[in-house]
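Take this structure first; my questions come after.
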2 protein chains.
Amino acid sequence: MADGVQFPAVRVSCQRCDVRGRAICADCAPAELEELDRIKLYRRFAAGEMIAWAGERMPMIGSVIEGVASLSSTLPDGRRQTVGLMLPSDFLGRPGRDRAGYDVQAATEVTFCMFRAQEFERLLERSPRLSHRLLEMKLDELDVAREWMVLLGRKTARERIASLLVMFGEREAGARDGTSGTIRFPLRITREAMADYLGVTIETVSRQLSQLRREGLIRLLESRGVEISDFAALRREAGGPE
Amino acid sequence: MADGVQFPAVRVSCQRCDVRGRAICADCAPAELEELDRIKLYRRFAAGEMIAWAGERMPMIGSVIEGVASLSSTLPDGRRQTVGLMLPSDFLGRPGRDRAGYDVQAATEVTFCMFRAQEFERLLERSPRLSHRLLEMKLDELDVAREWMVLLGRKTARERIASLLVMFGEREAGARDGTSGTIRFPLRITREAMADYLGVTIETVSRQLSQLRREGLIRLLESRGVEISDFAALRREAGGPE
DNA sequence: CGCCTCATTGATAACCTTCAAGACCAGTGG
DNA sequence: CCACTGGTCTTGAAGGTTATCAATGAGGCG
């Protein structure tokens with residue numbers, strides 16, 4: 001695990017935490033929360049910084065508080081595929097394993113709430129609420145991973161881009177279905193990160209975004225912003241259940 | 001859940017079960033095993049039979065005892081992607097959800113050890129050993145799913161076929177690494193099932209298998225059998241970490 | 001035997017990658 | 001102030017890989 005040298009550790013009370021209520025600690029009783037509070041540590045990582053390397057020891061596990069971290073695998077010849085985007089409240093690391101299964105990289109600046117793996121595991125054994133919550137979260141991750149398998153295995157480049165925009169848009173605007181108004185939000189991640197996640201090249205990402213722009217489905221704003229005037233129309237381009 | 005009309009229910013003692021020791025019940029104490037024994041039911045499904053439909057109620061969950069079941073998603077226009085192959089000992093179903101997330105189909109004849117979802121969940125709440133085991137198994141599934149994302153996102157058709165053969169071969173022969181001798185095993189599933197899992201068409205599966213055969217890396221035997229003389233060579237064709 | 005499913009093979013075309021060039025921007029140092 | 005550099009992004013041209021369409025063969029079963 002890299003030292004976040006340029007970003008010193010910070011202490012924030014769990015009560016005031018942004019993801020309290022939807023992170024691993026969501027169901028904790030006050031006593032459990034207190035225990036977590038005692039062994040936790042906030043740390044920040046700069047955009048692009050590695051948080052862990054596949055196969056290396058990873059003594060710290062924990063929750064993403066803010067920002068986006070990517071999990072990715074690299075083939076021997078350098079081809080890379082992102083297999084998960086960790087967003088605020090997601091739990092990073094596998095209790096019971098002391099080595100990272102993937103490269104973990106901060107895609108944006110990331111604030112991370114860390115626990116020493118061993119201490120956390122001990123707490124996990126004593127707390128059914130905590131382990132039940134972990135199970136639920138990992139089952140959700142499994143569903144997301146499988147949904148992404150459909151995208152990677154069967155969708156066209158155009159549909160992949162549209163799917164990503166829809167996913168971000170829903171997160172951003174709380175835009176469940178009847179999103180009639182105009183949505184505008186920052187993509188946050190680079191074209192390369194998008195390409196790695198979508199299983200295409202950065203050129204294809206760029207071309208498809210331009211194509212959607214030319215067709216009036218989206219507008220590209222500065223500093224990686226996008227504007228979607230007709231969210232339902234974009235969703236139709238995403239090629240289904242999403 | 002479809003009625004396995006043509007295959008009547010069977011009772012088998014957990015003690016004599018093929019997957020006892022690696023299924024959900026692996027860590028169970030005798031008392032827990034007895035409880036499972038009481039609420040379980042063996043059922044067989046014919047090859048091709050649907051076990052559950054995505055979005056439909058799925059009142060039974062349980063372990064695959066024998067055979068292969070596929071989890072797959074279908075896009076509105078009919079494109080289909082298999083997102084998981086459930087092999088003997090794998091646990092099918094998500095406790096806490098009463099609807100199936102995917103189409104579940106018997107790819108071969110399947111023997112299934114079923115529990116009523118509600119009864120199983122009650123047991124799960126009372127047994128930390130059971131729930132811990134479930135967590136471990138689902139975390140393994142998550143790793144497998146992510147490994148497959150790399151295949152779907154980045155590997156060539158040739159590498160996909162080779163990867164699948166390597167995966168089956170390892171399962172079959174317990175062929176960890178130093179597999180020097182000739183391996184021979186049945187693929188069990190149709191070309192269509194392979195294609196759905198690999199994110200390619202059946203024609204591509206067929207062509208790549210023929211190509212590998214022409215190059216002497218594999219031999220195609222009757223009734224879907226394959227023979228691999230140089231397993232390490234095939235593994236090299238699979239394009240990496242596997 | 002006819003019909004069905006499953007599998008193989010060929011021809012053609014579409015889609016996406018690869019290779020290449022250039023735009024834009026921020027930061028740095030002369 | 002401006003040139004230079006590195007990183008990010010866009011766009012074009014060419015080529016390769018895989019999908020699509022189509023025909024045929026092999027095997028099982030009524």
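Computed over heavy atoms, backbone and side chain alike; hydrogens, waters and symmetry mates excluded. Lettering of chains follows the sequences in order, A, B, ..., and the numbering in each one begins at 1.
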Roughly how many Å is it from CG in B/Leu209 to P in C/dT9, rounded to a whole number?
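It is 10 Å, rounded to the nearest whole Å.
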
Using a heavy-atom cut-off of under 4.0 Å over every strand shown, decide if A/Arg224 touches base, sugar-phosphate, or nothing.
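Touches sugar-phosphate only.
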
Quick one: does A/Arg207 reach the base of C/dT18 with a side-chain donor-acceptor pair under 3.5 Å?
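Check passes, donor-acceptor contact within cut-off.
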
Does a nitrogen or oxygen in the side chain of B/Arg191 sit under 4.0 Å from OP1 or OP2 of C/dT8?
yes

Below 4.0 angstrom, N of the basic side chain to O of the carboxylate: do B/Glu159 and B/Arg236 qualify?
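Result for this pair is no, no salt bridge flagged.
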
Pair B/Asp77 + A/Arg154, salt bridge at N-O below 4.0 Å
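No salt bridge links B/Asp77 with A/Arg154.
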
Can you check the B/Gln211 CD to C/dT8 C1' distance for me, whole Å?
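From B/Gln211 CD to C/dT8 C1': 14 Å.
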
B/Arg22 atom CZ, neighbour heavy-atom count above 12 within 6.0 Å:
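More than 12 within 6.0 Å, yes.
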
NA contact type, A/Ser206, heavy-atom cut-off 4.0 Å: base, sugar-phosphate, or nothing?
base

Rounded to the nearest Å, what distance is computed from the CD atom of residue B/Glu159 to the P atom of nucleotide D/dG16?
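Atom CD in B/Glu159 sits about 18 Å away from atom P in D/dG16.
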
Whole angstrom is fine here: how far is it from CD1 in B/Ile161 over to P in C/dA7?
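One finds 12 Å between P of C/dA7 and CD1 of B/Ile161, rounded.
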
Take the protein atom CZ of B/Arg79 and the nucleotide atom P of D/dA19, then report the distance between them rounded to whole Å.
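Rounded to the whole Å, the gap is 12 Å.
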
Do B/Asp230 and B/Ile228 make a side-chain contact, defined as non-hydrogen atoms from C-beta onward lying under 4.5 Å apart?
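B/Asp230 vs B/Ile228: side chains apart.
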
Whole angstroms only, please: what is the CG-C1' distance between A/Leu221 and D/dT10?
17 Å

Does D/dT17 have its OP1 or OP2 closer than 4.0 Å to a side-chain nitrogen or oxygen of B/Thr204?
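Result: no.
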
D/dT11 phosphate, OP1 or OP2: any side-chain N/O from A/Arg213 under 4.0 angstrom?
yes

When we call it a touch if two heavy atoms are under 4.0 Å apart, what does B/Val205 touch: a base, just sugar-phosphate, or nothing?
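The answer is nothing, as B/Val205 stays clear of every strand by at least 4.0 Å.
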
When the distance from CG of A/Leu152 to C1' of C/dC16 is rounded to whole Å, what number comes out?
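About 15 Å, once rounded to whole Å.
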
Please confirm whether the shortest side-chain N or O distance from B/Ser210 to OP1 or OP2 of C/dT9 is below 4.0 Å.
yes

Rounded to whole angstrom units, what separation is found between the NZ atom of A/Lys155 and the P atom of D/dA19?
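Result: 18 Å.
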
For the base of C/dC19, is there a side-chain donor-acceptor partner from A/Glu203 under 3.5 Å away?
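For A/Glu203, whose side chain was compared with the base of C/dC19, there is a donor-acceptor pair (under 3.5 Å).
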
Phosphate oxygens OP1/OP2 of C/dT17: is one of them under 4.0 Å from a side-chain N or O of A/Thr201?
yes

Salt-bridge criterion met for B/Glu49 and B/Arg44 (N-O under 4.0 Å):
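The answer is no: the pair does not qualify as a salt bridge.
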
